[in-house]
Protein chains: 2
Amino acid sequence: MRYRVAVTTIRDLARLADVSVATVSRVFNNPEVVSQETREHVLRVAARVGYQPNESARTLATKKSYMIGLIWDTDHRRPGWRHPFLQEILIGLKTALSERGYHLLLLATSEREDSDKDVYLRAVKRHNLDGVVFIDNGTRDPALDVLAASGVPCVSLDRPVSGPRTTYVTSDNVGGARSAVARLHARGCRTIATITGPVRTRPGAERLDGYRAELAALDLPYRPELVVEGDFYLAGGYAGMRRLLDLPHRPDGVFVAGDEMAVGALRAITEAGLAVPEDVALIGFDDIELAALVPPGITTIAQDKAGFGTAAATALVEMIDSAEDEAPPPTVLPTTVVLRGTA
Amino acid sequence: MRYRVAVTTIRDLARLADVSVATVSRVFNNPEVVSQETREHVLRVAARVGYQPNESARTLATKKSYMIGLIWDTDHRRPGWRHPFLQEILIGLKTALSERGYHLLLLATSEREDSDKDVYLRAVKRHNLDGVVFIDNGTRDPALDVLAASGVPCVSLDRPVSGPRTTYVTSDNVGGARSAVARLHARGCRTIATITGPVRTRPGAERLDGYRAELAALDLPYRPELVVEGDFYLAGGYAGMRRLLDLPHRPDGVFVAGDEMAVGALRAITEAGLAVPEDVALIGFDDIELAALVPPGITTIAQDKAGFGTAAATALVEMIDSAEDEAPPPTVLPTTVVLRGTA
DNA sequence: CTGAAAGCGCTTACAG
DNA sequence: CTGAAAGCGCTTACAG
């Protein structure tokens with residue numbers, strides 16, 4: 001006993017209610033199978049003594065823990081990595097999962113070696129996790145593929161993975177990027193540049209695709225010098241914008257593939273003595289809190305942040321509850337354009 | 001069997017290694033008690049078959065789960081509540097806890113009723129949690145007091161709680177506020193105002209205390225009209241600053257008790273056509289990411305964000321490992337002043 | 001509708 | 001140093 005709280009076991013409760021432990025168990029797991037009278041009686045006694053089934057014992061017996069592992073690699077290979085809206089995702093996940101009776105276990109896997117191909121799978125087995133959600137950190141992690149291949153229900157955020165019971169949720173990056181370019185064009189921009197995310201990341205690559213697609217749709221030429229690769233951070237946006245401003249024929253509109261980079265880009269423009277949006281219009285991506293706070297407000301493509309959590313929870317529970325080895329199709333969340341001061 | 005992964009039990013391993021299950025168990029929990037030869041042999045076989053002890057069974061047998069509950073009430077009574085640096089705290093906690101062998105379980109307690117005085121305690125019992133960390137959300141939650149009183153090891157962030165095995169970690173809010181006022185004074189400000197946090201919150205009240213203390217130390221009069229209460233959000237900072245600017249004798253320096261409010265205050269000053277820091281100097285609190293990003297950069301009192309996680313983990317594990325009913329003293333993290341453009 | 005019993009995968013006195 | 005056995009708190013066929 002580690003704390004002073006009296007802990008009532010199913011055996012205690014059975015004795016107090018004068019029934020067998022099997023009956024008590026049924027009252028909680030299969031209520032329809034026990035007579036109304038005994039059921040109510042047991043429930044009453046249970047409430048009086050504050051009975052709580054021990055989840056470890058339950059998990060041991062059923063192989064189901066009602067716990068979902070959250071893989072969110074905070075310091076492996078990329079110490080400074082920050083998710084643009086982790087808090088929103090966590091809230092969405094936690095809420096949606098708890099409505100379905102699941103808890104979230106933050107898997108601490110920081111001190112592992114690179115060669116360790118099944119850290120995650122091991123953790124899943126050890127803790128009898130029912131499923132896993134994986135938050136992409138932009139690095140290729142072989143341990144994730146091992147997990148996905150294992151048949152453990154698994155949903156990934158912003159990073160396609162394949163496996164018998166694996167799916168992912170992502171924003172409509174292509175569509176979002178297209179509407180950004182379209183908006184820039186509609187307000188008169190004719191030389192539209194982009195500062196991309198790292199193109200090895202999925203969102204980075206897709207937003208660039210969208211940029212090109214919309215250019216084509218608008219009959220605007222694609223000019224490689226108008227495309228500079230950023231890093232999703234402020235510094236990359238700043239540096240990227242500097243390069244664009246140095247061009248002999250500078251752009252009058254820029255689609256910046258992330259809001260934090262957009263803040264950097266904005267700063268570069270201002271420092272160059274140019275006006276936003278008059279000289280250069282700017283549209284970001286994400287709609288992080290910061291976007292609304294930086295004057296004059298960054299026009300941006302908003303992602304459905306809470307939607308990530310809800311969609312992930314739904315897909316996960318669907319796979320967990322299904323006997324089949326089949327995964328729901330990827331969820332693609334729509335984006336919306338939020339007009340503010342920069343475009 | 002919920003997934004296709006072969007799961008080796010201690011029994012399987014014992015058979016394969018040709019020893020008893022007791023010996024296998026000892027190899028993992030009490031290695032020094034088994035002969036080197038058998039130990040190495042068992043370890044070798046274990047590695048070959050990828051043996052993983054089942055944590056649920058282990059918890060059932062030992063009453064120790066190596067899981068810490070995280071109480072972070074996201075939507076109870078205050079839907080829009082956001083922590084200024086939750087992500088940093090989570091990273092710090094997760095890292096420090098994992099070094100000590102613990103995992104973090106996000107307790108989902110959203111759909112409870114107000115009258116439910118022991119949601120947390122129940123969750124702790126159900127899941128055999130070894131301890132709990134509680135992130136303050138500014139509301140008084142009776143369920144927390146019940147938990148603290150129960151004897152479950154418990155550390156609270158930024159909110160004093162008392163109980164046999166309870167402590168808390170907080171920043172030196174008084175000291176931080178004092179150094180802010182001192183800095184303002186040092187750069188020449190003589191009419192120093194403050195925009196406080198909600199004074200019913202601990203950090204709000206303490207930072208106001210610090211403001212008053214430093215005023216007194218500097219022999220500056222305390223003038224109630226120079227104190228306006230904010231809400232820790234941008235809007236409160238903006239509104240508070242508007243009121244201060246309307247004063248017949250407006251302040252030349254303002255200590256704003258949170259960075260997000262400081263951004264709002266900065267905006268109000270700019271809109272009024274005044275210059276920062278020339279007309280009004282500004283110092284915030286927290287050092288959130290935003291503070292560095294908003295031109296000209298907000299001078300602020302930085303909190304040791306990672307320190308919260310580390311200190312909480314240390315205190316928690318200390319209480320868990322101790323047989324006594326005694327809690328380590330509260331941790332008060334030092335603050336540092338970060339000079340940027342506003343003061 | 002209900003109970004007795006086996007089993008989930010571990011740990012830990014108790015003997016030897 | 002090692003093994004046989006009881007026990008942790010549940011669930012779930014199997015009988016009745």
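Given the structure is predicted, the values throughout are model-derived calculations rather than measurements. First the proteins, then the strands, lettered A, B, ... as listed; each starts at 1. Basis for what follows: all heavy atoms, side chains included, without hydrogens, waters or symmetry-related copies.
- Using a 4.0 Å cut-off between charged nitrogen and carboxylate oxygen, B:Asp325 and B:Arg165 count as a salt-bridge pair.
- D:dG16 and D:dT12 have their C1' atoms separated by 16 Å, with the value rounded to a whole Å.
- Here A:Thr9 does not reach the OP1 or OP2 of D:dG9: none of its side-chain N or O atoms lies under 4.0 Å away.
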- Task: Take B:Ser56 and B:Thr59, measure what side chain to side chain donor-acceptor pair (under 3.5 Å) needs, and give me the verdict at the end.
- Result: CA-CA 5 Å; B:Ser56 302; B:Thr59 298; over 6 Å; no

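- Distance from the side chain of B:Tyr51 is smallest for C:dC10 among the nucleotides D:dT11, C:dC10, C:dT2.
- To the nearest angstrom, C1' of C:dC10 lies 12 Å from NZ of B:Lys63.
- Panel note: side chain B:Thr167, backbone B:Pro328; a donor-acceptor pair is recorded below 3.5 Å.
- Aromatic ring orientation, B:Tyr102 versus B:Tyr66: tilted (interplanar angle from 30° to 60°).
- Looking only at distances, a side-chain donor or acceptor of B:Lys94 sits under 3.5 Å from a matching main-chain atom of A:Trp72.
- The minimum heavy-atom distance linking B:Tyr168 with B:Pro160 is given by the pair CD2-CA, 3.5 Å.
- Atom C1' of nucleotide D:dC10 and atom CG of B:Asn128 are separated by 12 Å, given to the nearest angstrom.
- Between B:Ile10 atom CD1 and D:dG3 atom C1' the separation is 13 Å, expressed in whole Å.
- Rounded to whole Å, the distance from NZ on B:Lys64 to P on C:dT12 is 12 Å.
- Here D:dG9 presents its C1' atom at 14 Å from NZ of B:Lys125, a figure rounded to the nearest Å.
- Judged by distance alone, with hydrogens and angles left aside, the side-chain atoms of A:Asn29 form a donor-acceptor pair with the main-chain N or O of A:Ser25 at under 3.5 Å.
- Remark: the backbone N or O of B:Ser65 is not paired with any side-chain donor or acceptor of B:Asn128 at under 3.5 angstrom.
- Under the side chain to side chain contact (heavy atoms under 4.5 Å, CB included) criterion, B:Ala61 pairs with no residue at all, not counting sequence neighbours.
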Using a cut-off of under 3.5 Å, enumerate the N/O to N/O pairs linking the protein to nucleotides 13-16 of chain C.
residue	atom	partner	partner atom	Å
C:dA13	N6	B:Arg26	NH2	3.1

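- Scanning residues 27-44 of chain B for heavy-atom distances under 4.0 Å to DNA chain D yields B:Val33, B:Val34, B:Ser35, B:Thr38.
- Between the CZ atom of B:Arg11 and the P atom of D:dG3 there is a distance of 14 Å, rounded to whole Å.
- Across every non-hydrogen atom of B:Leu60 and A:Ala57, the tightest pair is CD1-CB, 3.8 Å.
- When base pairs are accepted only as Watson-Crick or G-U wobble with both N-N or N-O distances under 3.5 Å, DNA chain C takes part in stems of 3 or more pairs at C:1-3 with D:14-16, C:5-12 with D:5-12, C:14-16 with D:1-3.
- Here the side chain of A:Arg39 pairs no donor or acceptor atom with the backbone of A:Val33 at under 3.5 angstrom.
- Note that the CZ atom of B:Arg126 and the OH atom of A:Tyr51 stand 8.5 Å from one another [nearest 0.5 Å].
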I'd like a table of donor-acceptor pairs (distance under 3.5 Å, sequence neighbours excluded) in which one partner is a side-chain atom from residues 308-319 of chain B, with atom names and distances.
residue	atom	partner	partner atom	Å
B:Thr310	OG1	B:Ala306	O	3.1
B:Thr314	OG1	B:Arg100	NH2	3.3
B:Thr314	OG1	B:Thr310	O	2.7

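- A heavy atom closer than 4.0 Å to some atom of DNA chain C occurs in B:Gln52, B:Pro53, B:Asn54, B:Ala57, B:Arg58, B:Leu60, B:Ala61, these being the qualifying members of residues 52-61 of chain B.
- For C:dT11, neither phosphate oxygen OP1 nor OP2 lies less than 4.0 angstrom from any side-chain nitrogen or oxygen of B:Thr62.
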